[in-house]
Structure formats: C-alpha cells, structure tokens
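Side chains included, hydrogens not; waters and symmetry mates left out as well; all remaining heavy atoms used. Residue numbering restarts at 1 for every chain, and letters A, B, ... go by the order of the sequence lines.
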Amino acid sequence: MNKWVNALCLLLLSILLTGCWDRVEIEERGFTVGVAIDIGEDGKVEEQKTSHVYKGTYQLVIPGGLSQGSGTSSGNLPAFQNLSLSNDSLFQQIRYLAQRTSRSLFFEHLKMIIISEEVAKTPGAFANIMDIFRRDHEMRRGVKILIAKGEASDILQYNTKTEPLPVMFIESIVGNAPKNPLMLQEVRIGTVHKFLVSKDSFIVPKIEIKDGKIDVEGAAVIKGRDNTMADFISGPVTEGLNFIKGDYKSGIVKATVDDFMVVYEIKYAKSKIKVNTDDPNHITFDILIETEGVIGESFGNFNFTDKEVLRKAEQAFREEIKKSAERTVKTLQDDLKIDALGLGDYVRRKDYDLWRKKLIDNWDSGENYFVKSDINIKVKTIIRGTGGIIQNERD
Amino acid sequence: MRSLEYGDEEVGAKEIMFAVPSMVIGIGILFLPRSLANETNFYDGAVSLLIGGFLAVFFTWVNAKLASKFPGKPLFSFVPLLVPKPVVFVLKMILTVHAMILAAYEVRMIAEIAKQYLFDQTPVEVLSVLFLLVVVYAVSGSRVGILRLNILFLPIIYCVALAISFMNIAYFDYHNLFPVLTTDWNGYVAGIKQSFFSMQGFAILLFYIALMNKPKEAPKAAVKGMGMVILLYLVLFTTCIGVFSNDSTSTMVFPTIELAKEIQVPGGFFERFESLFFTIWIMAIFNTAAMSLDMTVISLRSMFKKLKKKNAIIIISPMVYLICMYPQSFIEIMGFGKIISYSGVLVAIILPSILLIIAKIRRIGES
Amino acid sequence: MKFLFGRKGFSKSQAKQQSNEDFYIGIFKDLEKNINNIQSSMHSPNDLIVRKIKLGTTDVKCALFFIDGLADSELINHQVLPSLLFEVKKSDIHLSALPEEILEVLIEKVVSNSEIKRANTFDELSLALLSGDTILLIDGLTDGLIIGSRGWENRSIEEPLSEGLIRGPRDGFIENLRTNIILIRRRIKDPNLRLTSFKIGRRSKRDLVMAHIEGIANPALVKEAKRRLETVDLDDAPESGYIEQWIEDNFLSPFPQLMHTERPDKVVSSLLEGKIAIILDGTPFVLIAPVTFGNTLQSPEDYYERWMVGTLIRILRYIGAFIAVFLPSIYIALVSYHPGMIPSKLAFSIAATREGVPFPAFIEAFLMEFTMEMLREAGIRLPRPIGQTIGIVGGLVIGESAVRAGIVSPIMVIVVAITAVASFSLPSYSFSISLRILRFVFMLSAGFFGLYGIILTYIMINIHLVNLKSFGVPYSAPFAPNFLRDWRDLVIRSPIFYLSKRPKYMQTDDKVRFNKEGESS
C-alpha cells in the first residue's frame, strides 16, 4: 500500500521536473537599452485598429561587440543593433520583432525612451505610447523619457567613439543635467505617469542632433488637459523655468558691472512660491528665488572686498536672473498659455475647494485662469566668495 | 532518538508578539495604499488607517483576553463551555472553511504575483503547488516551530519593508501629502473599512495562546504586536503617497511593489530591487499561509477527534489546492479576498466579542 | 529514533562469549590448569607472557600473565617481580596459612604497585589482561590479583591537524583515553567534574567516559545523555562518529547535532557552558553535546583575541557561510531567470563571456562544483605536500583550460573559486560538509525555479532547523526561541566583561560565570 503511494507521489513530482519554463540563458536575451518612437507609415499594417501607426526602433545590445572594446582590430561585431518595425500596437511590434532577431527582446535594462515631436504633438499619442511602458512589469520606473526634435530613430543611430552604445552615451549626457541649467532634470516614467494621471501640464527634456552633435538643451511642454505636446521651449527659457521651480542645481550667470563682464557661479538656488487666491480671476503668485554662489570670472578690475562693488555685482546678477525668469513666465503665459511651472499645484493645495469647483478643468485650458494670474518674481543673490584672487590688478 | 522535553516547548509573550504581525502582514499591505487612495484625498487615508488600526488593536485585545481566560485550552476546548453544542458545531464548520479559504487565497496570490514579477511562462499551478508543499511541510512539524519561524522571519521582513520606505526618500515630495482633511465622511468610512479588512488575522490568537506558559501576558504582547503592524502600514502608506501622489497610487495594482521598483541603489549594484523585495515578501506570506493551514488542521481535528494530524493534513491539502485554483482571473481572486474579509469579521470580531461578553457575564474562566 | 524507544542498556554481565572454544570460563584452583585454560582461550598468542614464580622463599607457586606491549614491562620488571620475589621474604607466609590471607597479605604488604584489585571471575581477569594489566594467579586459590600495569606506545601530544589556531594552546587529544582525561583535568580543577564510565562495543569493549560538571549541566540533560549512551549496542565503535550517529536526534538531517573536536580548550569551555563531553578510547575526537546553530560557527580563537577582532571575524564567517551556500545558486538564478537584477554593464559583460558556452548556467555550475568536490576529496587522500599542490594547481589549470575550451564561462570559475574560499573559512569541518550538501540543493532549486526556488528552499531549511533538536535543545536556539541575552555571543562577541552569564538556552543550574562588580548573582 505504502509503495503505491510513494510511487504515485514520485511520479507526480517528476512532472515538476519538466519545467524550467522560464529559463532563458543570459546570452540568449536581447537586451533592449533604448526605444525610439516615430510616426510610421499608414496602410502597411494588417489589423490596424487605431488611426495612427507608430514606428518603433529598438536598440539591442550585442554583448560580444561591447566586450571587445574600442580600438582593437577590424572585423569586430558592432556593439548594438537597431531594429525598426511599424505597427499601431507597440506590444505587437515587440512580438513581431522576435521574428527578425535570434534573441528575445528583454526590457529589464531599458534605459531611455525617445519620442519624436510628431508623435508627441499627435493628440493622445503620448499617453497611448506610455501605456505599455507603465503596464508591463518588465519596465522599471526609472527609465528616462526624452522628446526628440525631428526623427527619434536618428538619435539612436548616433555613433561616437567614446561610448560603443549610443544609448549609454546619451544617458551620460542627460545625467549631466545638474551641471547644465539649460537642460531639464531627467524625467522618468514614474514622473510622467504621475502627470499623465492627473491633469497637470508638465515638461520633458528635449533632444536633437544639431550639426552632427547631440544637443539636450531645452524642453518640450506637454499640456495636461489632453496630454499633447504644445511646443519646445529653448534652453534659456528652460533655465528660467529651473529657477522658478527650484530645480536649478548649479550654473553660471553672466552680467555686466560697469560695462565689464562678471560671471556669477551659482552653487545653490532655491525658490519659494506663495499664492494668493482671494480673487480667482487674478490669482497672484509671489515667487522668491534665492541663490548663493561665488564670483567665477571677472574681466574688470574689481576689488571684491569693497562692499559697494559686491552690492553692484549682486544687483547685476539679480537683474539677469529676474530677466530670465520673467522671460520664461512670459513664454509660458503669453505664447504657450500652459502652466508648465506646476503653479496649479500650489493653488490646489492652498484652497482645495476653489480648485475642485472652479479651476480643475480650467486652469490652463478653457477659461485658462493661469493666463489671468499675476506672477511676481523677486530675486535674492548672495555672493559667498570671490575665488582665489581679490583683484586683477593692484590699484 | 526520542527527544528530551527540556522545557523548550514554552511559548512566551515574545512569540505572541511576533505571531500577530506575521499573520496580519501578508497580501493586504501590497494593495492597501491603492484602496485607501481611492477612497480619500491626498494623505487623508492615514486618518482612516489610524482609526481602523485602533479598532483592530481593540479587537486584538478582545481576542487575547478571551483566549487568556482559558489557559492551555485552544478555542474549541473552551467554546463548549460558553455556548450550547449545536452552535459549537456550526462555529467549527465556519472556522474550518474560513481558514481553508484564507490559506488558499494566500497561496494563489503568491503564485499570481510571482508569475507576474518573477516569471513569465511558468504556470500558476506549479508555483502554487510548490508553495503549498512548503507550507504543508511547516504545518506537519511542531506548532511551536511555526511560531519560531515567525521570530526568524519577521525581522527580515521589517527590514525590507522599512528599506523600501527609506530608500525612496530621494523621491519623496512632501507636497504630495497636503492639503489635509479634505475628504468627506463617506471617504473616511470607506477607508476605515479597507484598512480594517487588511489588518485581520488576529484570530490565530484564539489558537496559539493555548500554548503559552503565562497567558496573562498575552493581551499586552498581542496589542504590542498589532501596534507594530499599524506603524509599518502607516510608514508604507506615507511613502506611497509621498512618492507617487494620491492620483498615481490609486491607479496602480500593487503600489508597494511599485515602490520597490522605484528604488535605484546608488553605485548601481542592484538594479531591480523589487525582485529582492518580493522574494523576501514570500516569507511574510508563507508565515500567514502556514498559520492559516495550521488553524484549519486544528479546527478539523476538533470536529473529528480521532483524526491524526498526518491524515488531517493529507485530507486538507488537496482541498486547499483545489480551492486555490478555482478563481479564473485576478478579479475573481480579489472576490475571494472580499469573502475572507467578511467572514473574518465574523470569526475574529463578532464571535470573540460575544464569547467574551458571555464569559464575563457568566463568570466562566479565570479572570 | 522510534525504534530505539525504551531500549534497555546492554548489560555486560549477560554477555556470553562465543563459547565454541573448549575452555572454561572460570578459575581453577590448580595453577597449571589455569595457565592452560587462559592460554587456550586466546589460542596461545605469542605476546601472552606467562611468568611462573615461587613466592619468595616459600614454595607457593604462582604465575604472572601479561600481554607484552600492552603491559609496561619496565614496571613489571622493576616493581612487580622484585616485590614478589624479594619483598616477600620480609613477611611470613606459610603454606599452611589460609589461602585468602595470602592474597590479603600480598595486597596490603607486598606488591608495590599503586593499582591492585582482587578478581574472581574469568571475565574480569580476561578483560584486565587484554587491557594491559598483569594478572597474578596463585596455586590453590580461585581468586586472582589484577595489578595495574598499562603502558604502551602513544602518539605524542601535538597540535591537532584539523583545528589549527593562530593563537591558542597547541595541545590536542591523542588516542589514549587516560591522557585525554588528563588534558581535561588539568584545565578544570573543580571537584564537581564528573566522569562517568561506560564500556562500548560487544567485541571491543572500549572505554568511554562522559564528562560533565555537576551543578552547571542541567540534570535532565545528563540523565538523557546517560540513557542514550547505555543503549549503544555495537560490535565496535572505532571512532566517536559511531557513537555520534547512534545517539543523535535526527539522523536524516544534513546538520550535525553533536560537535566533535580535538582541542581540549574547546571541550573545557563547552563543559563550563553546561554541555557534556564524550571521550572515547582510541580516538582523539571528543564529542560535545548539545549543539546549536550558533555553536557551529564559533571558534575558540574568537575568545582568545580581543572582542573587536572576534566580532569582525565572526561576521566574516557568517558572510562566508552565506556565500558558500548561496553564491552558485544566486548566479544560476540571476543568469538564467532574472538578468534584470544584475547591473547593466555587468549583465552585458557576462552575456558576452557566455557567448560560446554550450551549456546552460545550471549545467555549467553543476559541472564545475562537482569537479571542485572531486578535487577536494582527492586533495585529502593524497600525501600532504602533493595534496595541497594538486588542489591549487588542479583548480587553476582545470578552470583555465575549461574556459579556453569554451566549456565554462570565466564568471563561473570566479564564482566557484569564491565559493570554495568561503567554505574554507568555516571552523567546523562537519558543518562545512552540511553546507556543501545544501549548496547543491539550492543549485538544483535555483536551476528549476530561479529566485522563487531559492527562497522556498530556504524556507524549507528553516522549517527543518526550527524543528530540529539536539538533545532537547532547539537547534536554532539563540535565534528562534529568542534568548536575547545569548545574542551577546552569537554573531558578535561582546567584550569579556559582559560574558558573565552562561548561555540561557542550556538552562544550566548555575547561571553565572563570574560577578560583575557590585552586581549580585
């Protein structure tokens, strides 16, 4: 009796051994490090269920090409492979691509998603594209999103000698954002998800190939209402935006004092925003930007121990920063009419009832209370030090 | 060799203090933030959480007090003292079924989540069977062993849970928490219901306090344990809202696992923290499932006095497996969860309260 | 286990010799008959010496029996024989005196030996003879004398090979029971040290001594240990391992439930913790029971060095144990199932190096680990200088060539090497074997189910540990039934001032080692 039971158990357990369903060896996986989405050509796709066809370009790593390093003899494998496919469903693209390559696409090491401006400007397309990246469990929330001027797949082709993989190269550039205030801080899927769910407008870093070089200054403004891109803003406007939002990490401000150029190196900046909602038609925002820094470069013969000189320099910097911020406000309020500064959030927190009843659908669309509001900017600059020398020449 | 008793079979207050969180912390916490965020605005879920937690603590105390009135006697030894026989039988049936469905629910959930986050192709049946086998192995050992497993695993679970909270500090935006107290009453009440449901599990006290040497210490220890749970839930909920904001949290299936996904360990040593998180969480759910199955075995054996433990396990396990495979889709599994929540209310709340009142009125049991 | 329930002790007096020999189990009055009897009981071996003498100036015939080599001939030549031949003159012995009185006089006044005993059964005499004592039989008496004269070649006391330390005493046990006990006695001059003797083995009749300190060791433990030792019924127990396997709680467990050591200092400190020690004649390995998980990762050196050093080295050992068990399986799980968990650059380089490898990670790992195990076994068998070199060279060369041939990837070689090094950091050999077994189990479960398999197997091992008992003490003791106070000596080693209490899980009678200033015990 017992023997039968044992035998049965063993038999049943051995069924488990037929398993290893999910065992895919590491060298068989196609590590996809970057994805670029463009608008594809209509009409060639079977079972097209939506009005738009997207062309997805996937950058796969060829590990053998990576390890051989740069500079060794010819006949090497390239380090990556870009595969493109057009379909209206991204999921189907990925599946169809399995026919074209010996490796199964593997997204757990995905580093960035580049979306072309054409796609972003198509209503609803941005949110649709983001869906698979949010829903699928293979993707991580730390994947960076960029919007490309022009064709996104061109960006993936960008080849450079210092980095075998274009995506890695771009990633390291994007990672330099803290040093360059004309760039936007990296935007991850997590952040985008948050904004897509709410109706707030937001910004995404821009990337383009200008004169054969990668340029990541500037940003794209996405309107919250319909999650469609409105337009790009330039680097300097982005800088002002960073000031206002408090994302400014470090950078320089050029100003003239007594007709000589002085450069202010900002080490630390922050902003405080106060909102007054007494009159919904004229909501006022008081933005105070505070910066701390040192003198980076000075072409004139200034003696920075002199309080008067310092005061003049601080004032010059202050004006420059204020100009930059106000330019940003003007661009956003007058030209684009979109609140990319996140000011709506402050209103919501200050007076939730008002937000809920009146403003939630009309903040930067419809009646657009954002445009009607007044934004006042005040700047405070502190010069902490002057570097190694006090003066260029002795008096 | 026959083992020496040596007095090590003692179950002390510490074991109870660790047992309560081990049982309660399971699947609930993985999606609780979403339920709360759905019902309330911004951070107000915390209020519901605290009130729900307070209720849970109170009923934990009720359970512990009831069980400690009858030292050395597990639930079904003292219930007959309080209520007439046919009621006892009905109670036993309810409890057995409740515990069985609970165990099946835990197993199925684990298999589903494992399939989603760790695997792709592996069938859910296989994952469930493996997990169930390990749980069965635990239950066929000594009961004190299960309590010891709680002590072994709970610190690890707490470390990981707190780790995902603290490692997300970089993404924490405290602005997401404001404004406060903007939800209306319905929202709060719904939130209380949600949080209360996910804090269930203290019914095990009715069974395990019987093993204690000094049952008097039980209520305090149980309450302490429950307090630890509330603290953890609060920390996790705060982190979810702070990192994701209320809107996002209410759209994610498992916000807690998404928290783990957010983490980027500096230095890039560990890429996907959520696999690690989930692997450790399997231990938490294992504890819950093991204690549920233990409850089932005890209930069944109390109905059929002559049933040996080994045979009881052999009978129950396939049934649990069948129940666990019954739901066809994720929605149906959540439906199971609801059934368990409601029957849990009956078993852990209504029942012990009534019993305690009866015991107090009729002056049965030690005070 | 169960079948040993209520097994009664093996009583020596009931033993029957295989009596298809034609000798008489008894003592004759006639000396010649006795001599013939004893000789034929052993078939007249060469080393059985029979010395016939006449007591002093009398005509009393007697004979001395001893086994050359077992008995100390020096002692016999210089003490026993002279005292019987010459000293006897000093006292008055007449044949007419009662025979019993002869023996008494011999015992009290003549034989100048420190150990002397009267015996009247054949078994006693035979056993004594075979143990190295000298037997004196007198014509006309059925009683005989057993004169203690044991002395044979012994290994000298040297440092144990398997447990070397940098700092610590360098004496180790040898095969002689008496010497071993001396080594313990010299370290514990407490009259409460109790040594209980047993005779083990039907044929071999070895001496076994169980040591414990009365007043520290829990009496229930001592009683249980005695009970288990009494049930031992073997042909022979050539090594303490036999005893260990007979009396352990769970023979199916991969974990050892008794410790064994060659170091007296380890035995002594265990005794002071309330444990019992089992010393068997013929082997330098002394058993210590009960044992918990924490003990397996402890080494005496932790205590001889300062607390910081001790703590850090212990932590290193725990990490080493972790690596030794989990590293290959984590490798398999990550490479085959979850490459998302490896940092991108590392993942790419691993994939690159694995390009041409024909086997999946699981097979590769098994092959390499198996080869390592064989190399290890080979290293033990070979004579020492060759063994060491073969181990290193073999590992390196085989690994290198395998990588060149494209059978395994270089990452695998690294993993295996680190695992091997980690497993050598463990102080207890039997425990490191258990870990080796576990490593393969984990590799198997990782190969089938990745991380899920590893975690489920880990839970299963924990369940087993939690239910395992060593002589009644839960194996996972300071961890699981949570004796917080014992954590002072578990993963860390607290400064010596804080180690004033004995381990709680031993439930000793005397709880305090020493008193801190101003504290009452």
For [X] and [Y], work out which heavy atoms get closest and say how close.
X	Y	result
B/Tyr137	C/His464	OH-CB, 3.5 Å
C/His338	B/Leu118	CE1-O, 3.3 Å
C/Val466	B/Arg148	O-NH1, 2.9 Å
C/Phe479	B/Ile151	O-CG2, 3.9 Å

Exercise. Checking B/Phe119 against chain C: side chain, backbone, both or neither under 4.5 Å from a heavy atom?
Worked result: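 The side chain, not the backbone.
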| query | Checking heavy atoms, do the side chain of B/Ala114, its backbone, both or neither come under 4.5 Å from chain C? | reply |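 Only the side chain of B/Ala114 comes within 4.5 Å of chain C.
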Might you confirm whether atom OH of C/Tyr242 has over 12 heavy atoms from other residues, nucleotides or ligands at distances under 6.0 Å?
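Check fails, neighbour count at 12 or below.
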Please indicate whether B/Lys220 has more than 12 foreign heavy atoms, meaning atoms of other residues, nucleotides or ligands, lying under 6.0 Å from its NZ.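 No, not enclosed.
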Anything under 30° is parallel, anything over 60° is perpendicular, the rest tilted; go ahead and classify B/Phe153 against C/Tyr458.
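Tilted.
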Partner of [X] under side-chain contact (heavy atoms from CB on, under 4.5 Å), chosen from [options]:
X	options	value
C/Ile459	B/Val134, B/Leu152, B/Asn287	B/Val134
B/Phe286	C/Ile463, C/Leu456, C/Asn462, C/Ile455	C/Ile463
C/Leu451	B/Thr279, B/Ile282, B/Leu276	B/Thr279

Quiz item: Distance-only, no hydrogens or angles: does the C/Tyr452 side chain make a donor-acceptor pair with backbone N or O of B/Leu127 under 3.5 Å?
Solution: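 Confirmed, C/Tyr452 side chain pairs with B/Leu127 backbone.
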Does any backbone or side-chain atom of C/Asn467 lie under 4.5 Å from a heavy atom of chain B? Answer side chain, backbone, both or neither.
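Just the side chain, heavy atoms under 4.5 Å.
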